[in-house]
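Here the structure is laid out as structure tokens; the discussion comes afterwards.
This structure is a prediction, so every number in the text was calculated from the model and none was measured.
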Amino acid sequence: INKFKEKIKDKDYLVTNLNEILRSQHFKNNKFNINILIFPYNRLSIVDENIYIGYLVFELAILKKRYILDDQKLINALKAISDQTRFKVLKLLKERTWYAQELAEELNLSSATLNHHLSLLLNDNLISIELQESDKKKIYYSLNQKAFQEIITILKKTF
């Protein structure tokens, strides 16, 4: 627990890990209070400006990431990309961040249909969520360039 306390004193370490686990950029410059949980050690909760974090959350995330099979990750990503609508979404997100309603209008999709596609892309970590400081009620989406670099690396290793 003391090692964890020392690690999270480094705000960059904390922000980087929180954003990675949550697949967002929400914690760029935000001010927040940190509450360390011993039990449950694997919980991460955010309430207003308070973060309740189990002391093993980051370690468990590393283990989970390490043991996910590259093959399955690649197959899932390629399946997600191969859908025509999701491919269009990714191409739009390559250019800039988009608000969900803007994307729905641009692609002539209902909100429910777009949300389905966005959920699949988020699950495969191909896109990220961003909250704008000016309007925290709107969720914006962006392309996760790091995920695509990872896909390329896996492809190179595989073939």
(request) With rounding to the nearest 0.5 Å, note down the distance linking CG in L93 to OH in Y141. (result) 10.0 Å

(message) Starting from L126, can I reach L122 by hopping between I/L/V/M/F/W/Y residues whose side chains sit under 4.5 Å apart?
(response) yes

(message) I'd like to know if V57 and I36 are part of one continuous hydrophobic network [Ile/Leu/Val/Met/Phe/Trp/Tyr, side-chain heavy atoms within less than 4.5 Å].
(response) yes

(request) Look at the side-chain heavy atoms of Ile, Leu, Val, Met, Phe, Trp and Tyr, link any pair under 4.5 Å apart, and say whether I38 and L44 land in one connected group. (result) yes

(message) Distance check, rounded to the nearest 0.5 Å: I53 atom CD1 versus L37 atom CG?
(response) 8.5 Å

(message) Please tell me whether E130 and S142 have a donor and an acceptor in their side chains that are separated by less than 3.5 angstrom.
(response) yes

(message) Quick check: is L120 connected to L103 through a chain of hydrophobic side chains (ILVMFWY, heavy atoms under 4.5 Å apart)?
(response) no

(message) Quick check on Y41: does its OH atom have over 12 non-hydrogen neighbours (other residues, nucleotides or ligands) under 6.0 Å away?
(response) no

(request) Please check if I154 and I75 belong to a single hydrophobic cluster, counting links between Ile, Leu, Val, Met, Phe, Trp and Tyr side chain heavy atoms closer than 4.5 Å. (result) no

(request) Enumerate the residue pairs fulfilling side chain to side chain donor-acceptor pair (under 3.5 Å) with a member in residues 112-125, sequence neighbours excluded, ordered by first and then second residue. (result) R86-H117, S110-T113, N125-N144

(request) Would you check, one step at a time, whether the test side chain to side chain contact (heavy atoms under 4.5 Å, CB included) holds for N17 with I8? (result) CA-CA 10 Å; N17 282 287; I8 65 170; over 6 Å; no

(message) Just verifying a value: how many Å separate I81 CD1 and N76 CG, rounded to the nearest 0.5 Å?
(response) 11.0 Å

(request) May I have the step-by-step check of side chain to side chain contact (heavy atoms under 4.5 Å, CB included) for L92 and L107, ending in yes or no? (result) CA-CA 10 Å; L92 289 171; L107 296 168; 3.7 Å; yes

(request) To the nearest 0.5 Å, tell me how far L121 CG sits from F87 CZ. (result) 12.0 Å

(request) Could you tell me the separation between the CG atom of L90 and the CG atom of L143, rounded to the nearest 0.5 Å? (result) 6.0 Å

(request) State the CZ-CD1 distance between F58 and I21, to the nearest 0.5 angstrom. (result) 5.0 Å

(request) Specify the closest pair of heavy atoms between L114 and A104, including all atoms of both residues, with the distance to one decimal. (result) CD2-N, 3.5 Å

(request) Could you name each residue pair satisfying side chain to side chain donor-acceptor pair (under 3.5 Å) that touches residues 1-16, not counting sequence neighbours? (result) E6-K9, K7-E59

(message) By the salt bridge (Lys or Arg N to Asp or Glu O under 4.0 Å) test, which pairs, at least two apart or in different chains, include something from residues 96-122?
(response) R96-E102

